[in-house]
*Asks:* 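Right, I'll just put the structure down here and ask away after.
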Amino acid sequence: MNFVKSQEWLEFLGDKEGRLDRVLASPVYKQLSHEDFTELLNLCDGRATKEEEAAALELLSDLFFLVSPSFEAEAPLETAVSSAGDVLVALLKRRFPDDAARNAALLLNAANPDLLGQDLINEAALAVLAALDEQDLKRVVNDLGDLTRPVFPKKEPSALAGAALERLYALVREGGLPAKLAAEQLWGKTSKSGKGIPAPQRSQGDAAPEDVLALWNCLEKTEAETEAGHAKLTLEALQEQASLWARHRSRAALDFIHQRCILRLPAGVPMKVILTVLGNPSAACHNTFWYYAESLGESKTQVILHQNAGGEYLPHGVRPAGLPQKQALLDSEFWKRYAGGDRKFIRRLRDDIAPADISPLINFMATAAGAQKLDVMSVLYWAVLKKIEITADEKQKLVAILEPMMAAYPHPPGPDAFCLMYRLQPAVAERFLRERVDASQVPEEMFATYLHDLMKISPGQPAEVLLPFAQWGGVRGQKARSMLKARGVIDAGELHALAAAWRESRLEKDLADLHAFHIQHQHGRPIAPLLELLGAPAQRGPGFYWYEDARHRGLLLREDDHGNLQKSELCVELPWQFRTTTERLKG
Amino acid sequence: MKPDGLDVLHSKEWQALIAAPPSGSNRGIARELAPRLESSDVSSLARHLGYARDEELQLTANLLHAALRAEVPFSAQQKQDLMQSLRPLVAAYAREPVGEPLELMQALDRAAASQLLLEEVDGLRIAEWRFRGYMKELALLPSGTDRILQYSSLPGSRGETAARCLKLMGLLEESELKRLAENWREFHSLQTLNDLYEFYIVHNLFGKPIEHLLELLGPPESHTADTLSYNSSDKGGPGWVFFVESGNLISSKTLDGRD
């Protein structure tokens, strides 16, 4: 059968209003073969009339989309359309956006979307938008909407769905009528074509597309394909997460909107644009808004937004102007009072020091003398402890000033310069102490300081550092032995002699030494041996023992449920909570 | 120095000073007396430091300190003699309170005073109840603060006390600040709020835009245009009220939990 020369085709061609009824009623159309389809498609190569082209494509489209799936020739039709891909693409370009082009695009999209091509649909849609009247514009947008949905009779969206979706979002961003129509396709209405499945419905709790769009339009766009390790943010994704947040107040959605969108908003965005999308905040006060995810406690997931007095969003890290520009530390009243001898102002200086103060302080230190040098060094030391940013140049300059000061070690200002150097350049300080300081030359009155500094730079137990010096004679050896004992290293004979002296005389000094040298290092260990050492307590009660010296000061031992020493403490008197009622009344 | 021409230790003012109750009143008398001291009085008082005891020792040191502040001339020799007299007094820090002599020594030579405390006093041999005060004295110089850092790494309560002392000076790790803030926002415990106040707020947020505080503590329990009130776990429990002016945190006071 040569269909394009048959009576049926001529009647179809002449019956503009009743074509669909004909196709549905007559079995002839359902018996068309691959050859018939090919002939119909050949009418579209530009040599036939426009009317013939349109009729052929309308018939093929009706067969493919409306008669199927009972249509046995569906597969041959799909093959024929694929084979005629070039013809249809040419027609599409030539006639877009009329009905023939639309049918060609739909057929191609269903049969062989690769031939249609993402670029074509994008270009075709946008290039002509400006010139379209409202009706044509609606048609174009509807077509794009159709392309985003599964193509009947297929169950999956076509490969072009993503591109069409992107195009719809692009139209939304254009604003005006195209945006309104595209938003309807995306979120607002069912497909009017009757083909395919309905467009996604917006549920009661969803974020309003126009609100999300308004927020989206405030973003500073980037051309980069990825943003901080994420795929590029799309309006679609933002809409989806905003709706998830609106429905479930979920942590993931809140995190997404905050990290990917809000943190990228520039200053000056009206806060109401953000608040409209996020809904009512969990709390609000003093131009600050809190949002908590419901799945977790408020401490875990919260977004805090700030606005200025004019209701404009303040980006992360930007705060409304506070006090006037911070005064330089060296010009401040606090510095004058501190340098004038009022030492308590060191607290304010520690709190107020800022990166901008570092250079002036170093410069001042380079020229200052005596006590002033020490004052500046103390403040700079705190800057280092507080990890305030010090540039490499500043550090280099400071080290150069400290080196000659450190050389005075162990005499002032050597020890302080050493400590600052240790925080700045530990290796330099360590090398200095090990190689440049001869322990045998350190004066007796500075020897404990030296030992402390040596412990500071030495790995391992402090006792390992002290032991060799404990063998020394004279004051130096005595200081080392005393420090060893304070760290719990005491000869058993000396300990028992000390305990015996305590039990005999009950002197405060002996009790304090027993505590310092032995008892305070026994926490978590059995209390019984300590009770034996100390003798009878002055008082005992549930979980405690009280040993009192002649001046009624004493030592409180606390025992845990396992008979171990829980806590030991020298006190000026037995703490109130351990006294009997009578004693409390006396007190 | 005085109208009757007597040495300070034999004057009526001195008698009034040592007879006054040991409180702020004798300090007031010392402040008034100090500017009238002469160089010979300084020498007498310096010698007196060697044998005075207890309250009288404290008063002598206090009067000398007041004289120093009043810019009564101290000769180099007098300063040296004073330092000699003060050394054994300050070195006894581990055994006895040495408040006034230490302050005087710090005023004369801060580095030497700190060095003496570092050299002669082992923090591990001081009773716990005096350990915190010792930490405060040490914190004036780098070498002293370094010593606190050494103590803070010790196990047990002494290490905890030293670590807390550093935090009270405003040295708080970012991770701990975050932990405390999360803990406060979740449980609203008074202890956590107080820690946040003492370790961070008081050092960093006064004079700054109120948003910093709000970000740290979360929404207040109640607020007005000028105040933010944070109560501890029980509704209306004790806490802090912060005062706001021109959008900045300007002051605070404790809330006792009552209306």
*Asks:* Examine whether an atom of R350(A) lies under 4.5 Å from a heavy atom of chain B, and if so say whether it belongs to the side chain, the backbone or both; otherwise answer neither.
*Replies:*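 Side chain of R350(A) only, per the 4.5 Å heavy-atom cut-off to chain B.
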*Asks:* Looking at P415(A), S378(A), A516(A), A309(A), which has the largest count of heavy-atom pairs under 4.5 Å with chain B?
*Replies:*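 Top count of heavy-atom pairs under 4.5 Å with chain B: S378(A).
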*Asks:* Check each atom of A284(A) against the heavy atoms of chain B and say whether the ones under 4.5 Å are side chain, backbone, both or neither.
*Replies:*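 Just the backbone, heavy atoms under 4.5 Å.
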*Asks:* May I ask you to check whether over 12 heavy atoms, not counting those of E174(B), lie within 6.0 Å of atom CD?
*Replies:*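 Open: at most 12 neighbouring heavy atoms sit under 6.0 Å from CD of E174(B).
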*Asks:* Among Q115(B), R110(B), R69(B), single out the residue with the greatest number of heavy-atom pairs under 4.5 Å to chain A.
*Replies:*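 Most heavy-atom pairs under 4.5 Å with chain A: R110(B).
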*Asks:* Side chains of K386(A) and M169(B): does their closest heavy-atom pair fall under 4.5 Å?
*Replies:*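 No; the side chains remain at least 4.5 Å from each other.
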*Asks:* Side-chain contact test, heavy atoms from C-beta onward, threshold under 4.5 Å: evaluate it for L149(B) versus R423(A) and give yes or no.
*Replies:*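 Side chain of L149(B) against side chain of R423(A), heavy atoms only: contact under 4.5 Å found.
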*Asks:* Quick one: of V572(A), L420(A), N287(A), who has the most non-hydrogen atom pairs under 4.5 Å with chain B?
*Replies:*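 Most heavy-atom pairs within the cutoff with chain B belong to V572(A).
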*Asks:* Do E119(B) and K479(A) come within less than 4.5 Å of each other through their side chains, counting heavy atoms only?
*Replies:*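 Yes, side chains in contact.
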*Asks:* Measure distances from A512(A) to the heavy atoms of chain B and classify the residue's part below 4.5 Å as side chain, backbone, both or neither.
*Replies:*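 Neither the backbone nor the side chain of A512(A) comes within 4.5 Å of chain B.
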*Asks:* Does the side chain of L171(B) reach to within under 4.5 Å of the side chain of W382(A), using non-hydrogen atoms?
*Replies:*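 Result yes, sub-4.5 Å side-chain heavy-atom pair found.
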*Asks:* Just give me the residue among K456(A), M455(A), M377(A) that pairs up with chain B most often, heavy atom to heavy atom, under 4.5 Å.
*Replies:*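 Heavy-atom pair counts peak at K456(A).
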*Asks:* Below 4.5 Å from any heavy atom of chain B, which atoms of F289(A) appear? Answer side chain, backbone, both or neither.
*Replies:*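 No part of it gets close to chain B.
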*Asks:* Are any of the side-chain nitrogens in R487(A) or D122(B) under 4.0 Å away from the carboxylate oxygens of its partner?
*Replies:*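 Yes, this pair counts.
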*Asks:* Please check if the side chain of H203(B) supplies one atom and the backbone of D352(A) the other of a donor-acceptor pair under 3.5 Å.
*Replies:*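 No, H203(B) side chain to D352(A) backbone: no donor-acceptor pair under 3.5 Å.
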*Asks:* For Q461(A), does the CD atom have more than 12 heavy-atom neighbours from other residues, nucleotides or ligands under 6.0 Å away?
*Replies:*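 No, because the 6.0 Å sphere around CD of Q461(A) holds 12 heavy atoms or fewer from other groups.
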*Asks:* Please rank F447(A), Y450(A), F418(A) by heavy-atom pairs under 4.5 Å with chain B and give me the top one.
*Replies:*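 Looking at each option in turn, the highest pair count goes to F447(A).
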*Asks:* Tell me the closest heavy-atom pair linking H286(A) and L228(B), and the distance in Å.
*Replies:*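 Here H286(A) and L228(B) meet closest at CD2-CD2, 3.4 Å.
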*Asks:* Counting heavy-atom pairs under 4.5 Å with chain A, which one of G170(B), A112(B), A225(B) comes out on top?
*Replies:*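 The answer is A225(B).
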*Asks:* Could you give the distance from CG (D453(A)) to CG (D146(B)), rounded to the nearest 0.5 Å?
*Replies:*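 Rounded to the nearest 0.5 Å, the CG-CG separation comes out at 7.5 Å.
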*Asks:* With a 4.5 angstrom heavy-atom cut-off, which part of D375(A) approaches chain B: side chain, backbone, both or neither?
*Replies:*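 The answer is both parts of D375(A).
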*Asks:* Where does T224(B) contact chain A at under 4.5 Å (heavy atoms): side chain, backbone, both or neither?
*Replies:*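 Backbone of T224(B) only, per the 4.5 Å heavy-atom cut-off to chain A.
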*Asks:* Are any of the side-chain heavy atoms of C285(A) and L214(B) separated by less than 4.5 Å?
*Replies:*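 In short, these two side chains touch, coming nearer than 4.5 Å.
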*Asks:* Using every non-hydrogen atom in the two residues, find where Y292(A) and P219(B) come nearest and quote the distance to one decimal.
*Replies:*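 Where Y292(A) meets P219(B) most closely, the heavy atoms are OH-CD, 3.0 Å.
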*Asks:* Evaluate the side-chain proximity of K485(A) to R125(B): yes if any heavy-atom separation is below 4.5 Å, no if none is.
*Replies:*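 No; the side chains remain at least 4.5 Å from each other.
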*Asks:* Select one option (side chain, backbone, both, neither) describing which atoms of V379(A) are under 4.5 Å from chain B's heavy atoms.
*Replies:*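 Neither part, no heavy atoms under 4.5 Å.
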*Asks:* Select one option (side chain, backbone, both, neither) describing which atoms of A107(B) are under 4.5 Å from chain A's heavy atoms.
*Replies:*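 For A107(B), no heavy atom lies under 4.5 Å from chain A.
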*Asks:* Any sub-3.5 Å donor-acceptor pair from D351(A)'s side-chain atoms to N204(B)'s backbone N or O?
*Replies:*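 Not at all, since once roles are kept as given, no pair shorter than 3.5 Å links the two residues.
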*Asks:* Sort L154(B) into side chain, backbone, both or neither according to what part of it lies under 4.5 angstrom from a heavy atom of chain A.
*Replies:*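 For L154(B), neither part sits under 4.5 Å from chain A.
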*Asks:* From L116(B) CG over to M446(A) CE, what is the distance, rounded to the nearest 0.5 angstrom?
*Replies:*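 One finds 10.0 Å between CG of L116(B) and CE of M446(A).
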*Asks:* What part of V202(B) is in contact with chain A, defined as an atom under 4.5 angstrom from a non-hydrogen atom: side chain, backbone, both or neither?
*Replies:*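 Backbone only.
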*Asks:* Can you tell me which portion of T449(A) sits under 4.5 Å from chain B's heavy atoms? Options are side chain, backbone, both or neither.
*Replies:*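 Both backbone and side chain.
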*Asks:* Would you say H452(A) and L118(B) make side-chain contact, with heavy atoms under 4.5 Å?
*Replies:*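 No, too far: nothing below the 4.5 Å cut-off.
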*Asks:* Name the region of Y422(A), side chain, backbone, both or neither, that has any atom closer than 4.5 Å to a heavy atom of chain B.
*Replies:*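 It is the side chain, since no backbone atom gets that close.
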*Asks:* For each of A127(B), G218(B), P220(B), G247(B), tally heavy-atom pairs with chain A at distances under 4.5 Å, and name the one with the top tally.
*Replies:*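 Ranked by heavy-atom pairs under 4.5 Å with chain A, first place is G218(B).
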*Asks:* If we only count heavy atoms from C-beta on, is the I346(A) to L140(B) side-chain gap below 4.5 Å?
*Replies:*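 Sidechains of L140(B) and I346(A): in contact.
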*Asks:* In Å and rounded to the nearest 0.5 Å, what is the CZ to CZ distance from R348(A) to F206(B)?
*Replies:*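 Nearest 0.5 Å value for the CZ-CZ distance: 10.0 Å.
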*Asks:* With respect to chain B, which residue among Q520(A), R347(A), H523(A), M483(A) yields the maximal number of heavy-atom pairs within a distance under 4.5 Å?
*Replies:*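 Heavy-atom pair counts peak at Q520(A).
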*Asks:* Please check if atom CZ in R553(A) has more than 12 non-hydrogen atoms from other residues, nucleotides or ligands closer than 6.0 Å.
*Replies:*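 More than 12 within 6.0 Å, yes.
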*Asks:* Is it the backbone or the side chain of H521(A) that comes under 4.5 Å from a heavy atom of chain B, or both, or neither?
*Replies:*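 Neither; nothing under 4.5 Å.
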*Asks:* Against chain B, label A371(A) side chain, backbone, both or neither, depending on which of its atoms sit under 4.5 Å from a heavy atom there.
*Replies:*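 The backbone, not the side chain.
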*Asks:* Using heavy-atom distances under 4.5 Å, tell me whether Q106(B) contacts chain A through its side chain, its backbone, both, or neither.
*Replies:*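 No part of it gets close to chain A.
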*Asks:* Does any heavy atom of chain A fall under 4.5 Å from the side chain of R147(B), the backbone, both, or neither of them?
*Replies:*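 Side chain only.
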*Asks:* Do you know which of Q150(B), R158(B), E128(B) has the most heavy-atom pairs with chain A at a distance under 4.5 angstrom?
*Replies:*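 Top option by heavy-atom pairs under 4.5 Å: Q150(B).
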*Asks:* Which region of T145(B), side chain (C-beta onward) or backbone (N, CA, C, O), has a non-hydrogen atom less than 4.5 Å from a non-hydrogen atom of chain A, or is it both or neither?
*Replies:*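 For T145(B), backbone and side chain are both near chain A.
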*Asks:* Give the member of S114(B), A139(B), G144(B) that has the highest number of heavy-atom pairs under 4.5 Å with chain A.
*Replies:*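 Top option by heavy-atom pairs under 4.5 Å: A139(B).
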